[in-house]
Number of protein chains: 2
Amino acid sequence: MLPSSTVENYLKALYQAQVALENDKALVPMGQLASAVGVAPGTATTMIKALAKSGLVEYEPYLGVRLSTAGTALAAMVLRRHRLIEQFLVEIMGMSWTEVHEDAEKLEHVVSDRLIERMDAMLGHPSVDPHGDPIPTPDGDMAPHRYHSLLTCPLHTQVKVTRVADQDATFLRFLEAQRLKPGQALEVEARDSAADSVQLLTEGQRRITIGTKAASKVLIEVA
Amino acid sequence: MLPSSTVENYLKALYQAQVALENDKALVPMGQLASAVGVAPGTATTMIKALAKSGLVEYEPYLGVRLSTAGTALAAMVLRRHRLIEQFLVEIMGMSWTEVHEDAEKLEHVVSDRLIERMDAMLGHPSVDPHGDPIPTPDGDMAPHRYHSLLTCPLHTQVKVTRVADQDATFLRFLEAQRLKPGQALEVEARDSAADSVQLLTEGQRRITIGTKAASKVLIEVA
DNA sequence: AGTTCCATTTTGAGAAATCAAAATATAGGG
DNA sequence: CCCTATATTTTGATTTCTCAAAATGGAACT
């Protein structure tokens with residue numbers, strides 16, 4: 001009984017929610033899952049009860065849901081496919097990292113193992129995708145390294161963008177235009193919680209100010 | 001209202017059946033369509049009635065169905081995607097032409113226009129796929145197929161041997177013994193890419209199997 | 001405790017695609 | 001012209017996924 005695209009999407013959303021919670025035992029609330037998948041709350045409840053019956057998730061009514069071991073493995077496979085595809089579209093097909101998400105979202109459910117492993121080989125077994133997100137191995141292991149964001153890193157220190165925690169194309173294009181895409185260096189000059197803003201000094205010595213919500217999506221490592 | 005994968009498959013099957021019939025006005029019988037798509041006859045009837053209502057096909061109860069102008073355009077797009085993907089998998093990804101069909105069958109329903117045109121450009125706008133089948137243009141035009149060997153001619157169709165592209169005496173004697181010398185009539189019953197073989201039904205109603213390399217040397221014309 | 005608010009679950013319904021099996025139409029042979 | 005074989009359509013049911021809206025649970029604050 002191989003999982004449908006729909007099931008794969010629920011598992012992937014759950015996996016990513018759990019990674020964000022940084023706690024394997026934590027339960028993801030149904031409302032959050034529903035909006036991540038893009039369905040009405042009642043739909044998520046129905047689906048999750050079915051997934052619990054087939055052993056892919058552990059469901060605790062009114063509290064939330066978490067992936068089982070089997071569910072985690074499946075979700076990691078989906079995420080592996082998604083991220084390898086994104087890397088392939090950028091590196092091999094010359095597409096922009098701002099526009100590959102939608103294509104990958106579709107392709108991840110249909111590429112064969114044969115094809116995905118061929119992509120992996122052509123790319124030289126990459127460890128991260130164009131957004132800096134780590135790619136799970138064929139066994140489902142994912143390097144879970146810790147990131148600071150522009151909201152949490154030390155001030156006046158050289159840092160390098162490593163990852164962007166948002167797939168919205170408009171946001172990604174904004175980052176690209178402002179020299180904030182993965183790999184680029186910058187410093188945080190100041191934060192103003194009253195103004196809800198963060199001031200940056202980018203690679204080209206340009207000073208820009210972005211909101212805290214945007215800043216939290218730009219993950220970095222100290223140089 | 002963009003068509004589902006299912007609808008695309010019905011349209012594609014219809015398109016290919018009509019090409020095989022070599023007659024744009026001909027009606028494809030429901031039974032043939034059903035078995036091409038791989039569903040029960042009643043299922044095809046239900047689907048075709050829905051497609052007729054949305055203007056993609058012209059349906060004549062008990063007689064059969066043909067594509068409308070809109071349906072033809074859509075089917076050609078699907079076929080274009082399928083064949084470009086096959087060519088891409090062989091030329092760019094180094095897969096064998098014997099194993100790309102299944103992948104293409106899935107991918108053809110999810111690749112974006114952006115991605116398919118990128119593939120087309122990378123391939124240098126090819127006119128045929130790895131099987132020698134013509135690739136429709138973005139406008140939906142497709143060059144008529146020049147069937148020239150037992151490897152490329154339509155199945156279950158009377159053809160006549162016109163020429164043998166090999167001068168090896170042993171091979172020619174083999175052809176003579178099997179009633180495959182120029183002037184003789186036959187039909188191709190099946191091709192098996194896994195077995196690298198082609199099954200023929202010769203003039204004397206005898207069934208024989210030859211390799212694809214041999215088949216490609218036997219040039220024919222459709223009777 | 002009572003009340004209010006929010007999240008969650010339940011309910012009832014519908015769209016898309018399918019099948020098996022019964023009913024019916026068409027065509028061909030006697 | 002009838003009768004039969006075959007193809008096609010109809011019928012009734014099923015699966016998967018979805019929603020809106022009603023019902024209910026849990027928590028939090030007087």
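Scope of the values below: all heavy atoms of this structure, side chains included, with no hydrogens, waters or symmetry mates. Chain letters run A, B, ... following the sequence lines, proteins first, then strands; residues in each count from 1.
In this structure a side-chain-to-backbone donor-acceptor pair under 3.5 Å is present from A/Gln18 to A/Leu67.
Proximity of residues 30-51 of chain B to DNA chain D (heavy atom under 4.0 angstrom from any strand atom) is restricted to B/Met30, B/Gly31, B/Pro41, B/Gly42, B/Thr45, B/Lys49.
No more than 12 heavy atoms of other residues, nucleotides or ligands sit less than 6.0 Å from atom CG of B/Asp113.
For A/Tyr59 and C/dT9, the shortest distance from a side-chain N or O to OP1 or OP2 is below 4.0 Å. Contact between the side-chain N/O atoms of B/Tyr10 and the OP1/OP2 oxygens of C/dT18 is found at a separation under 4.0 Å.
Which of D/dC17, C/dT8, C/dA17 sits closest to the side chain of A/Pro29 comes down to C/dT8.
Salt-bridge annotation for B/Arg80 and B/Glu117: present, with a side-chain N of the basic residue lying under 4.0 Å from a carboxylate O of the acidic one.
The CD-C1' distance, from B/Glu60 to C/dA25, rounds to 16 Å in whole Å. When rounded to the nearest whole Å, the span between OH of B/Tyr62 and P of C/dT26 equals 6 Å. In this entry the distance linking CG of A/Leu11 with P of D/dC17 reads 11 Å, nearest Å.
Side chains of B/Thr69 and B/Thr72 form no contact here, defined as non-hydrogen atoms less than 4.5 Å apart.
Looking at B/Asp196 and B/Thr212, their side chains do bring a donor and an acceptor atom within 3.5 Å of each other. One side chain, B/His109 or B/Asn9, offers a donor N or O that lies under 3.5 Å from an acceptor on the other.
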